[in-house]
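Read the structure below first, then the notes.
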Amino acid sequence: MSLFNTSELRRFREEVRDFLQTHLSEELRHETRGGLHMAREDMARWQAILHRRGWGAPHWPQALGGTGWTALQRYIFEEESAFADAPLGDVHGLFLAGPMLIAEGSDAQKARYLPRILAGEEFWCQGFSEPNAGSDLASLKTRARFDGTHWVIDGQKTWLSSGHHADLMFCLARTEPEAKPQAGLSVFILDMRDPGITLQPILTMDEGHSVNAVFFDNVRVPADAMIGAPNKGWGYAKDLLARERVNNAQAPRTKRDIVELDRLARECRGVDGRPLIEQAGVRRKLAVLTADFVALESAALSVIAEQMRGKEPGPAASTLKIRGSELQQRVSETAMALLGDAGLVLGADYGSGLLHPAGRGWAERHFFRRVVTIYAGANEIQKTIIAKSILDM
Amino acid sequence: MEREELDLLLDGARRWFAEHAPLSERVARFRQGHSAPVGSWDALADLGWLALPLLEEADGFGAPAGACFELLRLAGRDARPEALDLHLLLAPLLVQLAPELAAPLSAGTLRLAMADLQPGAEGPRWNAEQLSGRTGALLGVEHATHALLPLASGGLALLELAAAGVSHEPARWVDGRATARLQLDRVSARHWPGQAGQAIDRAAAALVADATGVFEAAFELTLDYLKQRMQFGKPLSANQALQHRMAEIFCDLQQALALTERLAQEIDAEAAGPWPTLPVAKSFVGRRVLRGVGALIQVTGGIAVTEEYRLTHWYRRLHVNAQCFGAAEAQLNRIEVRRQLLAA
């Protein structure tokens, strides 16, 4: 695409590709391609390598460790990372806690937390949802009351992705019980080792452990553990969710997946013994996915082009999460269809001979991906946002 | 071409389309029994639009494809009967093949119609400097002086519609525009080998831009209608079922706009093609845009299936855009999973 087609950007792409070629070990690539829920050590190891190169958090301001790349360069970096099968790293620290601290945190908080996110030394998790506050986040019940020296937190949270990997949590709690639901919320930084915090694993449909429930029983945090101003948490959370949505389109990783589907279709055989790619129906299915991907990518690049002209992401950004998450599910459904009965085994049975080697990780991805249209604001919530705030319905 | 210049031109186009046989007026004419849509091709030359895509050395404005696409989106919004779409995309190719055609193309004295490739032995054949056989249905025949014909051999032929040996089998497209198949009996024509594919893709690109304009206009009309139409004591737009349906169609509209913009960038970067986005964008018209406008008809309700309502005419025009010059299935057949297609 001509947007990418300048000698400067081609050189940049080469530079990123060379770096990944040199520094990303075969072992890490293998883990990333096959593993849905990566081990913390693997993610931390790669983050530290990126950090040493100065590429730890390309999207952060340059003064705080960002690269100063344009939005298009960042997209190229993500795409090359996806195609090299590079691990994602701590998304909660890099994409959620970090930007929130940069926007709202005190200088002391920035100095304390940002460098360790960059270096892969500390991992974060997000304490937003509760059992009775999912899509309706503002109805959350977790309380924080000030006892004169400390905030004391009681309540519970759920769907803590990577909570068991995390050192720290940013936690949305009610500080003004009498105010309107949205008006009385604040954001706190919790150390996961604080007394009174109990973590409980939740196993998901893929038999994996990536999410958790957490209980707070008289958890005491110092006054300076609050991010930003008191009772402004709802606004911070909305900004954060908007950033998360654009990220959740996951276009570069989906592109990588579609190329992987093509490999599956060439390697897996039908009952006639011929590669599946020779079947017109299979080729059509891949063509439709490719076409729908190019449409998603084009919309994502339009947003990037606007950003580079200094405009905030327009209405197109709100559509990315919906179409991106739907496409992720269709991609993994297609992988399952291509693998046939060889796709019907989960992790423990790797290497048992039933699973096609190229199919490693797809069953886990497929089952876990039921979540992508639900998390970060279910797609129905996104549609309501579009209808209300863009279409004025 | 500067952005300011383009904006002036587009403002002018909006006004001109509104004043010269706009869709609303043509719909009224349909209802009074006039089947032919009226158009005003001669005026397009005076407005300078016909020289828009030609290079400055050919006395044109050297407008990029993106600018031509913006004008075509406006034309699509008004379902214009003039085949501005074919002209804006095919004129640069013709002038490159035969520079002396720049003057008649800019002056509007050479007006193009074009047919799709005819499969196998059915289509016209170029033999001994003459063309014989039966063409496919021509798009743009309403005001045309010439027919541009891609041949199965890969060649591209240009002939005069009034030339000796040409007989017409007239018909109408579903959207009311005139069409015809030609029976050719040893017709003199100009011929360029190896240009058929690019000509077809250029025509397809034009139809993508037009279809995007149709989609935008249909979406806006429907959104307005939903906010005005009261049922059960509240506007239709207050129903969540319809809000979500409109949000979904909005996602498709954003993608259609983005694909059109990307296609224009590819054409500007590599005039001779191939343009990897073309089969994606053209199949998108047949798959998603057509279904999107079908869904707009559904949420609007009964009025949208009447002959007097504009959605009806847009929907019918989209069928022409979707089917001509490579329908969705044929375009999907061209798409392969390749990282290059997917990336740079």
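Note on naming: letters A, B, ... go to the chains in the order of the sequence lines (proteins, then strands), and numbering restarts at 1 for each one. The shown structure was predicted, so the numbers you read here are calculated from the model rather than taken from an experiment.
Neither the backbone nor the side chain of B/Arg334 comes within contact range of chain A, judged by heavy atoms closer than 4.5 Å. In this structure, chain B has no heavy atom under 4.5 Å from any part of A/Ile76. Residue B/Leu223 touches chain A through its side chain alone, counting heavy-atom pairs closer than 4.5 Å. Heavy atoms closer than 4.5 Å to chain B are found nowhere in A/Arg283, neither backbone nor side chain. Looking at A/Ile322, only its side chain comes within 4.5 Å of chain B, counting heavy atoms on both sides. Interface residue B/Arg288: only side-chain heavy atoms are found under 4.5 Å from chain A. Looking at A/Asp392, both its backbone and its side chain come within 4.5 Å of chain B, counting heavy atoms on both sides. Proximity to chain A involves both the backbone and the side chain of B/Asp252, based on heavy atoms less than 4.5 angstrom apart. Using a 4.5 Å cut-off between heavy atoms, B/Glu329 contacts chain A through its side chain alone, with no backbone atom that close. In this structure, chain A has no heavy atom under 4.5 Å from any part of B/Leu257. With a threshold of 4.5 angstrom between heavy atoms, B/Glu270 does not approach chain A through any atom at all.
Among B/Pro235, B/Ala247, B/Cys251, the residue with the largest count of heavy-atom pairs under 4.5 Å with chain A is B/Cys251. Comparing A/Ala280, A/Ala295, A/Ala291, A/Pro252 by heavy-atom pairs within less than 4.5 Å of chain B, the highest count is held by A/Ala295. Interface summary for chain B: among A/Asp292, A/Leu286, A/Leu296, the most heavy-atom pairs under 4.5 angstrom belong to A/Asp292. Residue with the most contacts toward chain B among A/Val288, A/Leu391, A/Leu289: A/Leu391 (heavy-atom pairs, distance under 4.5 Å).
Of the possible donor and acceptor atoms, none in the side chain of A/Arg256 sits under 3.5 Å from a partner among the backbone N and O of A/Asp85. A donor-acceptor pair under 3.5 Å is formed between the side chain of B/Ser283 and the backbone N or O of B/Val280.
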* **Working for salt bridge (Lys or Arg N to Asp or Glu O under 4.0 Å), residues A/Arg263 and A/Glu260** => CA-CA 5 Å; A/Arg263 182 163 87 100; A/Glu260 195 63 18; 2.8 Å; yes

* Given salt bridge (Lys or Arg N to Asp or Glu O under 4.0 Å), test A/Arg11 with A/Glu8 step by step and report yes or no. => CA-CA 5 Å; A/Arg11 262 200 310 280; A/Glu8 201 182 326; 5.8 Å; no

* To do: Let me see the working for B/Asp224 and B/Lys227 under salt bridge (Lys or Arg N to Asp or Glu O under 4.0 Å), right down to the final yes or no.
  => CA-CA 5 Å; B/Asp224 277 349; B/Lys227 290 176 187 176; 5.4 Å; no

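Heavy-atom minimum distance, B/Asp116 versus B/Gly326: OD2-N, 3.5 Å. Nearest heavy atom pair, residue B/Ala204 against residue B/Lys282, reads O-CD, 3.9 Å.
By the 6.0 Å and 45° rule, A/Arg365 stacks over the aromatic ring of A/Trp362.
No side-chain heavy atom of A/Phe77 sits under 4.5 Å from any side-chain heavy atom of A/Thr67.
By the 30° and 60° cut-offs, the orientation of the rings of A/Trp55 relative to A/Phe12 is tilted.
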